[in-house]
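Just so it is clear: chains get the letters A, B, ... in the order the sequence lines come, proteins before strands, and each one is counted from 1.
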There are 2 protein chains.
Amino acid sequence: MSWRYALKSYITNPETVDDGAVIFFNDEVTIIRDSFPKSECHLLVLPRSKQLSRGHPTSTIDSKFKNNFGPYVDSAINYVFKHFQDKFQVKKSDQDMKTEWDESVLKNKDIFVNKFLQIGIHSVPSMANLHIHVISRDYHSVRLKNKKHYNSFNTEFFIDWDDLPLNKNTLGKDKDIETKYLKNHDLVCCYCHENFGNKFSSLKKHLELEFNNHFEFK
Amino acid sequence: MSWRYALKSYITNPETVDDGAVIFFNDEVTIIRDSFPKSECHLLVLPRSKQLSRGHPTSTIDSKFKNNFGPYVDSAINYVFKHFQDKFQVKKSDQDMKTEWDESVLKNKDIFVNKFLQIGIHSVPSMANLHIHVISRDYHSVRLKNKKHYNSFNTEFFIDWDDLPLNKNTLGKDKDIETKYLKNHDLVCCYCHENFGNKFSSLKKHLELEFNNHFEFK
DNA sequence: TATTCCGATAGTGAC
DNA sequence: GTCACTATCGGAATGAG
Ligand SMILES: Nc1ncnc2c1ncn2[C@@H]1O[C@H](COP(=O)(O)O)[C@@H](O)[C@H]1O
Ligand SMILES: Nc1ncnc2c1ncn2[C@@H]1O[C@H](COP(=O)(O)O)[C@@H](O)[C@H]1O
Ligand SMILES: [Zn+2]
Ligand SMILES: [Zn+2]
């Protein structure tokens, strides 16, 4: 079986997968922790229906789909929020200045979701089984190892759940999308918007600083 | 002072340079071993006149220049021939087949020069002080580290002393020459003409074999 | 087409 | 998609009263 089907067993037999990734399943969905999380908390929501699973997300995720799976996405959101709350707290700035990054980010779920969570899909998924990413916007992870990883979540390559279904599918060819957003797009810090060009190593070090400036272990 | 003038002290004060590179100098020329030799034996002949030294080789090396410096080039050739003779001998092939690579290469200077020596210049020199390369055609050297190094001696980027002065300077822009010959030109073995494409590492290993198949230490 | 260091880019085979 | 490995390609600094 091709690597494109690495997620398949999570929907065919979630009860027998023993890698500890599954956090919820019923007849309709499986929710897992991504095995190669690109942030502190990175979940995938997978519809179990073969029909839905093999569809391309941009054409499959319509309002009916959203109505049906919205609650499961919400539950993934709740999980991430809780997990982050349990593990981290907002760091008090030395300067004690009033910023957007006050404690409310980890106290108020709506603020957390708006400022610090990404829910959506990749324009060109690699994994064949349809999945929705629910990922915290810290990008503080040893699994985040190259430009493609970062830009797949931090450019228009990432399509927000709220923007689905797309009014009109204006996406180009897969190769063109990848070239434009994953290869040629500058690396831009998601905290402060500093532009790092192609310097992934510099961005990595910077993300480490950003994370440690904003959060600390409880 | 810029790295482009790394050769300057060899012509301004050859008597005080103490790196052991200088093998001959008089009022007109300095002859040195290249500090980063790309073959077993790699010399540079440098006119000491400021006027000549700052000229571009393709416009400066005319018949008058050649008459004047030909003898020094010859002396560099003699040095390389002698050095190679002293250090190496042609290896007897197991198959004992009659090839061009018989012992005459290291016994007859004319054959050595014709088959195994390159005398000339780079189309686009990096070093600002005019210099003529006299280099054995083995390319067996730890200093030969990349495609540019190899192709600068094994494509038309290298202009033979015998072809100077050029009838007509049909060279393009420096950048274009560099792209065409150093970057885009395939790597081709100078012994057997096998094409290695961009695989410099493969060529390196092959050159090691070629050298050891043709020569051995005395 | 200076060297050297460091890192970005790219292809491979395997899982 | 992952990893590990190898190797190619690419920019930046290079100096120093
Ligand atoms: N073998 C695997 N098991 C579980 N998840 C994986 C595996 N390989 C890749 N992934 C994740 O699957 C996701 C696929 O994302 P996508 O680019 O949308 O197809 C990525 O976030 C990967 O980290
Ligand atoms: N610092 C140096 N001292 C002596 N020779 C050098 C130095 N740097 C480079 N070279 C050599 O100078 C030559 C310049 O060749 P060119 O490409 O014709 O300018 C090359 O063969 C280099 O190996
Ligand atoms: Zn930042
Ligand atoms: Zn060969």
K.L.:
Let me know the distance between NZ of A:K175 and P of C:dA10, rounded to the nearest Å.
P.N.:
11 Å
K.L.:
What is the separation between atom CZ on A:R4 and atom P on D:dT2, rounded to the nearest whole Å?
P.N.:
13 Å
K.L.:
Once side-chain hydrogen bond (donor to acceptor under 3.5 Å, both in side chains) is applied, do any residues pair with B:S152, and if so which ones, sequence neighbours excluded?
P.N.:
B:H122
K.L.:
Is there a side-chain polar atom (N or O) of A:N198 under 4.0 Å from OP1 or OP2 of C:dT9?
P.N.:
yes
K.L.:
Sorted by first residue and then second, give each salt bridge (Lys or Arg N to Asp or Glu O under 4.0 Å) pair with at least one member in residues 32-47 of chain B; sequence neighbours left out.
P.N.:
B:E40-B:K87
K.L.:
Quick check on D:dA7: is either OP1 or OP2 less than 4.0 Å from any side-chain nitrogen or oxygen of B:K204?
P.N.:
no
K.L.:
Output the residues of residues 44-57 of chain B in contact with DNA chain C, where contact means a heavy atom of the residue under 4.0 Å from an atom of the strand; sort by number or write none.
P.N.:
none
K.L.:
Quick one: which of C:dT4, D:dG1, D:dC9 gets closest to the side chain of B:K147?
P.N.:
D:dC9
K.L.:
Would you measure the distance from the P atom in D:dG17 across to the matching atom in C:dA2 and give it in whole Å?
P.N.:
26 Å
K.L.:
Restricting to pairs with a member in residues 163-177 of chain A, which pass salt bridge (Lys or Arg N to Asp or Glu O under 4.0 Å), not counting sequence neighbours?
P.N.:
A:K175-A:E178
K.L.:
As an exercise, state the distance from CG of A:L144 to OG of A:S39, rounded to the nearest 0.5 Å.
P.N.:
7.5 Å
K.L.:
Please give me the minimum heavy-atom distance between B:D19 and B:A21, naming the atom from each residue.
P.N.:
OD1-N, 3.0 Å
K.L.:
Once the angle between the rings of A:H133 and A:F153 is folded into 0 to 90°, is it parallel (under 30°), tilted (30 to 60°) or perpendicular (over 60°)?
P.N.:
perpendicular
K.L.:
Looking for any heavy atom pair under 4.0 Å, which part of the strands does B:K8 touch: base, sugar-phosphate only, or nothing?
P.N.:
nothing
K.L.:
Can you tell which of B:F81, B:F215, B:F211 makes a ring-ring contact (aromatic ring centres under 6.0 Å, His included) with B:F116?
P.N.:
B:F215
K.L.:
Identify, residue by residue, the members of residues 122-137 of chain A with a heavy atom below 4.0 Å from DNA chain D, and return them in order of residue number, or none.
P.N.:
A:S126, A:M127
K.L.:
Rounded to the nearest Å, what distance is computed from the NE2 atom of residue A:H149 to the P atom of nucleotide C:dA8?
P.N.:
14 Å
K.L.:
I need the NZ-P distance between B:K148 and C:dT3, as an integer number of Å.
P.N.:
9 Å
K.L.:
Report the stems of DNA chain D as range-with-range entries sorted by first number; a stem here is at least three consecutive pairs, Watson-Crick or G-U wobble, both distances under 3.5 Å, and write none if there are none.
P.N.:
C:2-14 with D:2-14
K.L.:
Give the rounded distance in Å between these two atoms: NE2 of A:H185 and P of C:dA8.
P.N.:
18 Å
K.L.:
Only counting residues at least two apart or in another chain, list the ones meeting side-chain hydrogen bond (donor to acceptor under 3.5 Å, both in side chains) with A:S136.
P.N.:
A:D138
K.L.:
Roughly, in whole Å, what's the span from CG in B:N184 to C1' in D:dT8?
P.N.:
14 Å
K.L.:
Is it true that a side-chain atom of B:R137 and a backbone atom of B:Q118 form a donor plus acceptor pair closer than 3.5 Å?
P.N.:
no
K.L.:
Between A:Y79 and A:F24, does the ring centroid distance fall short of 6.0 Å?
P.N.:
no
K.L.:
Can a side-chain donor-acceptor contact be found between A:K109 and A:N78 if the only test is distance below 3.5 angstrom?
P.N.:
yes
K.L.:
Of the options D:dT8, C:dT9, C:dG7, whose atoms approach the side-chain atoms of B:S201 most closely?
P.N.:
D:dT8
K.L.:
Restricting to pairs with a member in residues 44-69 of chain A, which pass salt bridge (Lys or Arg N to Asp or Glu O under 4.0 Å), not counting sequence neighbours?
P.N.:
none
K.L.:
Identify, with sequence neighbours excluded, every residue that meets ring pair (Phe, Tyr, Trp, His ring centres under 6.0 Å) alongside A:F200.
P.N.:
none
K.L.:
Please encode protein proximity along nucleotides 10-17 of chain D as a string of B, S and -, counting only heavy-atom distances under 4.0 Å.
P.N.:
S---B---
K.L.:
Could you measure the distance from the CG atom of A:N146 to the CG atom of A:N151? Nearest 0.5 Å is fine.
P.N.:
9.5 Å
K.L.:
Measure CG/A:L203 against C1'/C:dG7 and give the value in whole Å, please.
P.N.:
14 Å
K.L.:
Taking the side chain as every heavy atom from C-beta outward, state whether A:V134 and A:I31 have any pair of such atoms under 4.5 Å apart.
P.N.:
no
K.L.:
Separation of B:Y5 atom OH from C:dA2 atom P, in whole Å?
P.N.:
16 Å
K.L.:
Kindly state each residue pair satisfying ring pair (Phe, Tyr, Trp, His ring centres under 6.0 Å) with at least one member in residues 175-198 of chain B, sequence neighbours excluded.
P.N.:
B:Y191-B:H214, B:F196-B:H206
K.L.:
Kindly state whether the ring of A:F36 and the ring of A:H149 have centres lying under 6.0 angstrom apart.
P.N.:
no
K.L.:
Please list, in numerical order, the residues of residues 28-42 of chain A that have a heavy atom closer than 4.0 Å to any atom of DNA chain D.
P.N.:
A:F36, A:K38
